[in-house]
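Read through the structure below, which is laid out as structure tokens, and then see the notes.
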Amino acid sequence: MAPSPTGPLHIGTARTSLYNYLFARHVGGTYVLRVEDTDVARGTPEWERDIIDNLHWLGISWDEGPQVAGGEDIGPHAPYRQSQRMELYAGEAARLLESGHAYHCWCTHEELEAVRREQERNHEPPRYNGRCLRLTDADRASFAAEGRKVAIRFRVPAETIRFDDLIRGEVEFDNSLLGDFVVVRGDGMPLYHFVVVVDDQAMAITHVVRGEDHLSNTPKHIALLRALGYREPRFGHIPLILNPDRSKMSKRKEQTAITAYREQGYLPEAMVNFLAFLGWSPGTEEEIFSIGELAERFEIGDVHKAGAVFDKDRLDYLNGVYIRALTDAQLALRLRPYLPAILDDRSLLRLAPLLKERLVRLADATELAAFLTESDAQVGAMYEADLLVPKGRSAAETAPALSIARDTLAGVTEPDFASEELESLCRAAADAHGWKAGDFFRPIRVAVTGRTVSPPLFGSMELLGRERTLARIELALARLSA
RNA sequence: GCCGCAUUCGUCUAGAGGCCUAGGACACCGCCCUCUCAAGGCGGAGACCACCGGUUCGAAUCCGGUAUGCGGUACCA
């Protein structure tokens, strides 16, 4: 896998990494991570950190490459950052030049732009016109005297390139349709199509699994690698992840940074399961898999050929499944970052089972548990008095019911102020006064949590404690009679 | 424009000539359960397998063409 640190880890890159990982693990191969940081204008070390950290977070590990952002490269082919391999590229570019497979190009951006416009006007394919291929020594000398920067262009052989894609099967391209492309920029910086081929050879890469957007680039890579006398790896192109309108997934239309999902409390296990099934399926009706189980089952040849729309509803569903599968202790631990520090570990452990079935994302816990740390006054200010009144009842009926509830609860002293005890007493009270339990509980819920939707009432009251519970009901009573 | 890839319920997919009057999951709708919300259970609706033609006794599955979508076509990756 060879991400470019020009942005945070993208959903699509994450899935490509996952497929690479699953493929390598499944066949017992070596998984290499290489950082493609040749785009100095856009790349930054912070993005590299984001990519590596989030790959680790997903549970994806690699055998060679930088294991930690900014850390040491591990593996027999180090370094694994392209910015540190410049001598290699320079040497290989020189070889290309010597063998006549490449030539110097003195064209300026303006000249290139003019040619392109001309071609567009004549409805010709926009490609390099080969001017610098036919330069005289005098031309070269005068360009040099002008102080022009010189780029290196690969001379693309006019031939048909055929390869057997791991996912798509036989694919064929006519390279005579390609223009000669630049391999080293005027400022000496080697370009993607070139370095990727040089590094694949240097790092003994046998299988290249990448996004479908590279399918059309592959004939360039093959031409280049043949000119350099390299052995040809197998290529596999996985389909793109799409926006709901079926265009290539972009941050304009969808949240694409893995970090963003991580922050909202999607579990890495759910993310991996979800991503794996975006374009692949084990062919059975099972759908919950750990990353290890996926590696066992994953066949690169079974990857679907068409693009897949990112279906957030399904991710949400899967995340819920994974959250519910957590033990209370595990959930409490994962909930820590989303809840106020004043809630101690013991409270979290007691809170976990109340929230477990209600969480789509861990971050949802913040709102669901807010009533625990809000002040009594804050909670009291959250609702209008009529919110206390159940449907079909009046405020005049609700006030006495709530005061019965208050008296009932007040009768329980602290060590016994626990969920089951409270529930049975309240149910009995409701019954005794001719109220349906649900209606009777409504004003209590609103009084105690400030909301009509809350975690289970009696567990909530237990966590809140006797004093605060009663204070809040008292407040509600005052609101009702006002 | 040119080149390439793709096309099964709204979405992710199963399907590799008869097992398909096309299966599952998410989402949606209804019912049940129920202290709210969820979760769970049961059920429903939803795909003329893009279209046209061919091969075959028989095609979602094989072959052509068309359409549509996407990708590539940079001194970005």
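Residue numbers start from 1 in every chain, and the chains themselves are labelled A, B, ... in the order their sequence lines are given, proteins ahead of strands. Every value quoted in this text rests on a predicted model; they were computed, and no experiment measured them.
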Does [N] pair with anything, Watson-Crick or G-U wobble, both distances under 3.5 Å, and if so, with which nucleotide?
{"N": "rA25(B)", "value": "rU11(B)"}
{"N": "rG69(B)", "value": "rC5(B)"}
{"N": "rU36(B)", "value": "none"}
{"N": "rG17(B)", "value": "none"}
{"N": "rC62(B)", "value": "rG54(B)"}
{"N": "rA74(B)", "value": "none"}

[X] has an atom [atom1]; how far is it from atom [atom2] of [N], in whole Å?
{"X": "Arg34(A)", "N": "rA77(B)", "atom1": "CZ", "atom2": "P", "result": "13 Å"}
{"X": "Phe310(A)", "N": "rC12(B)", "atom1": "CZ", "atom2": "C1'", "result": "12 Å"}
{"X": "Leu9(A)", "N": "rA77(B)", "atom1": "CG", "atom2": "C1'", "result": "15 Å"}
{"X": "Lys305(A)", "N": "rG4(B)", "atom1": "NZ", "atom2": "C1'", "result": "15 Å"}
{"X": "Arg162(A)", "N": "rC5(B)", "atom1": "CZ", "atom2": "P", "result": "12 Å"}
{"X": "Glu299(A)", "N": "rA14(B)", "atom1": "CD", "atom2": "P", "result": "14 Å"}
{"X": "Leu178(A)", "N": "rC2(B)", "atom1": "CG", "atom2": "P", "result": "16 Å"}
{"X": "Asn319(A)", "N": "rA27(B)", "atom1": "CG", "atom2": "P", "result": "13 Å"}

How would you list, by chain and number, every residue that makes a salt bridge (charged side-chain N to carboxylate O under 4.0 Å, His left out) with [X], sequence neighbours excluded?
{"X": "Arg314(A)", "answer": "Glu287(A)"}
{"X": "Glu299(A)", "answer": "none"}
{"X": "Asp328(A)", "answer": "Lys356(A)"}

Say you pick atom [atom1] in [N] and the same atom in [M]; how far apart are they, in whole Å?
{"N": "rG72(B)", "M": "rA16(B)", "atom1": "C1'", "answer": "30 Å"}
{"N": "rU13(B)", "M": "rC32(B)", "atom1": "C1'", "answer": "30 Å"}
{"N": "rC51(B)", "M": "rG69(B)", "atom1": "C1'", "answer": "15 Å"}
{"N": "rU66(B)", "M": "rC2(B)", "atom1": "P", "answer": "12 Å"}
{"N": "rA27(B)", "M": "rG64(B)", "atom1": "P", "answer": "40 Å"}
{"N": "rC26(B)", "M": "rA39(B)", "atom1": "C1'", "answer": "16 Å"}
{"N": "rA47(B)", "M": "rG24(B)", "atom1": "C1'", "answer": "14 Å"}
{"N": "rC49(B)", "M": "rU61(B)", "atom1": "C1'", "answer": "10 Å"}

If the cut-off is 4.0 Å, is His304(A) near the phosphate of rU8(B), judged by side-chain N/O to OP1 or OP2?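 No.
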Between the protein and nucleotides 22-24 of chain B, which nitrogen or oxygen pairs are less than 3.5 angstrom apart?
{"residue": "rG23(B)", "atom": "O2'", "partner": "Glu285(A)", "partner atom": "OE2", "Å": "2.9"}
{"residue": "rG24(B)", "atom": "O4'", "partner": "Glu285(A)", "partner atom": "OE2", "Å": "3.1"}

Residues in residues 185-192 of chain A with a heavy atom under 4.0 Å of RNA chain B, by number, are Arg185(A), Gly186(A), Leu191(A), Tyr192(A)
What string of B, S and - do you get for nucleotides 59-72 of chain B 5' to 3' if you count protein non-hydrogen atoms under 4.0 Å? -----------SBS
Would you give a per-nucleotide map of nucleotides 36-44 of chain B, 5' to 3', where B means the base has a protein non-hydrogen atom under 4.0 Å away, S means only the sugar-phosphate does, and - means neither? BBBSS----
Contacts of Gly283(A) and Trp106(A) projected onto RNA chain B by closest heavy atom; the upstream (5') one is Gly283(A)
On RNA chain B, compare the nucleotides closest to Glu423(A) and Val309(A); which residue's is nearer the 5' end?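 Between the two, 5'-proximity favours Val309(A).
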Minimum-distance pair of heavy atoms, taken over all atoms of Leu9(A) and Leu58(A):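 Closest pair (atom of Leu9(A), atom of Leu58(A), distance): CD2-CD1, 4.4 Å.
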Touch class at under 4.0 angstrom, heavy-atom based, for [X] against every strand present:
{"X": "Cys107(A)", "result": "base"}
{"X": "Gly279(A)", "result": "sugar-phosphate"}
{"X": "Arg442(A)", "result": "nothing"}
{"X": "Ala306(A)", "result": "sugar-phosphate"}

Can you sort out the partners of Glu212(A) under side chain to side chain donor-acceptor pair (under 3.5 Å), two or more places apart, ordered by chain and number?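 With sequence neighbours excluded, Glu212(A) shows a side chain to side chain donor-acceptor pair (under 3.5 Å) to no residue whatsoever.
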Test ring pair (Phe, Tyr, Trp, His ring centres under 6.0 Å) applied to [X] - qualifying residues, sequence neighbours left out:
{"X": "Phe289(A)", "result": "Phe277(A)"}
{"X": "His237(A)", "result": "none"}
{"X": "His101(A)", "result": "none"}

Nearest to the Asp313(A) side chain among rC26(B), rA6(B), rC35(B), which nucleotide is it? rC26(B)
Would you indicate which nucleotide in rC75(B), rC35(B), rG4(B) comes nearest to any side-chain atom of Val171(A)?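 Within the option list, the nearest is rG4(B).
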Could you go step by step and tell me if Gln264(A) and Gln255(A) meet the side-chain hydrogen bond (donor to acceptor under 3.5 Å, both in side chains) rule? CA-CA 12 Å; Gln264(A) 290 168 58; Gln255(A) 197 163 54; 2.7 Å; yes
Is the [atom1] atom of [X] crowded by more than 12 outside heavy atoms at less than 6.0 Å?
{"X": "Glu420(A)", "atom1": "CD", "answer": "no"}
{"X": "Arg297(A)", "atom1": "CZ", "answer": "yes"}
{"X": "Arg451(A)", "atom1": "CZ", "answer": "yes"}

Among residues two or more places apart or on two chains, list those pairs meeting side chain to side chain donor-acceptor pair (under 3.5 Å) that have a residue in residues 425-440 of chain A.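 Non-adjacent pairs meeting side chain to side chain donor-acceptor pair (under 3.5 Å): Glu423(A)-Arg427(A).
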Take the angle between the ring planes of Phe458(A) and Phe441(A) and call it parallel below 30°, perpendicular above 60°, tilted in between. perpendicular
Establish, for the pair Arg479(A) and Tyr383(A), whether the NZ or CZ atom is under 6.0 angstrom from the six-membered ring centre and no further than 45 degrees off its axis. yes
Run the ring-centre check on Phe298(A) versus Tyr19(A) and record whether the distance is less than 6.0 Å. yes
Residue pair Thr218(A), Arg210(A): steps toward the side-chain hydrogen bond (donor to acceptor under 3.5 Å, both in side chains) verdict: CA-CA 11 Å; Thr218(A) 304; Arg210(A) 55 187 6 174; 3.1 Å; yes
